[in-house]
Amino acid sequence: MGNFEKIWRVVTLVPSGCVASYGQIADLAGLPGRARLTSKALGKAPESLGLPWYRIVRSTGQIAFPAGSELAQTQRVRLIAEGVHVNGRQICMQRFGWKPEISTLLYELEF
DNA sequence: CGACTGACGCCGA
DNA sequence: CTCGGCGCCAGTC
């Protein structure tokens, strides 16, 4: 299994109403310190996978796309639609950050 | 082959 | 608070 695929699988586990950081996704995929790989993998992900890409933000809680860009707007709207509070492009990670159960990960992922 | 490029993250100035 | 520098690595050229 390639690294991109590992990342895509972890992204599918992020529940509605939560957000996760690029670095967190990489860590959970067994690729510590490779946040940039997550951004790359998301950019290359086939549309057909229907990944909840908008639930991935920077570790600071900020939407990664340039403020005002089409993608940033779409991401913001979709998050709000799921109940996530988004002030401008800032999200409160303490409240909406995904904190997965270790048992869930062990069950869902089989690397 | 090397150089450059990201939807990043952390640390120091 | 903002920058800048560096580590990161799979593609792309």
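Please read all numbers here as calculations on a predicted model, not as lab measurements. Sequence lines set the chain letters: A, B, ... in the order given, protein chains first and strands last, and positions in each chain run from 1.
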> Angle class for the A:F65/A:W53 ring planes (parallel below 30°, perpendicular above 60°, tilted otherwise)?
Replying inline: perpendicular
>> Distance check needed: C:dC8 C1' versus A:R58 CZ, whole Å only.
In response: 16 Å
>> From CZ of A:F4 over to P of C:dC9, roughly how many Å is that when rounded to an integer?
In response: 13 Å
> Are the side chains of A:L42 and A:Y22 in touch, meaning some heavy atoms are under 4.5 Å apart?
Replying inline: yes
> Between A:E108 and A:R9, is there a salt bridge with N-O shorter than 4.0 Å?
Replying inline: no
> Nearest-Å distance, CG (A:L37) to C1' (C:dG7)?
Replying inline: 13 Å
>> For C:dA10 and A:N3 - does any side-chain N or O of the residue sit under 4.0 Å from the phosphate oxygens OP1/OP2?
In response: yes
>> If I take atom CD1 in residue A:I7 and atom C1' in nucleotide B:dC8, what distance separates them, rounded to the nearest angstrom?
In response: 12 Å
>> Please report the interatomic distance CG(A:L13) to CG(A:L28), rounded to the nearest 0.5 Å.
In response: 8.5 Å
>> On DNA chain C, does the nearest nucleotide to A:K44 precede the nearest nucleotide to A:G33 from the 5' side, or the other way round? Give the residue.
In response: A:G33
> Is A:S21 touching bases, backbone alone, or none of the nucleic acid, heavy atoms closer than 4.0 Å?
Replying inline: sugar-phosphate
>> Using whole Å, what does the distance between atom P of nucleotide B:dG6 and atom CZ of A:R34 come to?
In response: 21 Å
> Between A:K40 (NZ) and C:dT12 (P), how many Å, whole number?
Replying inline: 8 Å
> Counting only side-chain N and O atoms of A:S59, is one of them less than 4.0 Å from OP1 or OP2 of B:dG9?
Replying inline: yes
> Taking atom C1' of C:dC8 as reference, at what distance in whole Å does atom CG of A:D27 sit?
Replying inline: 12 Å
>> Could you tell me how far apart A:R36 (CZ) and B:dA7 (P) are, to the nearest whole angstrom?
In response: 9 Å
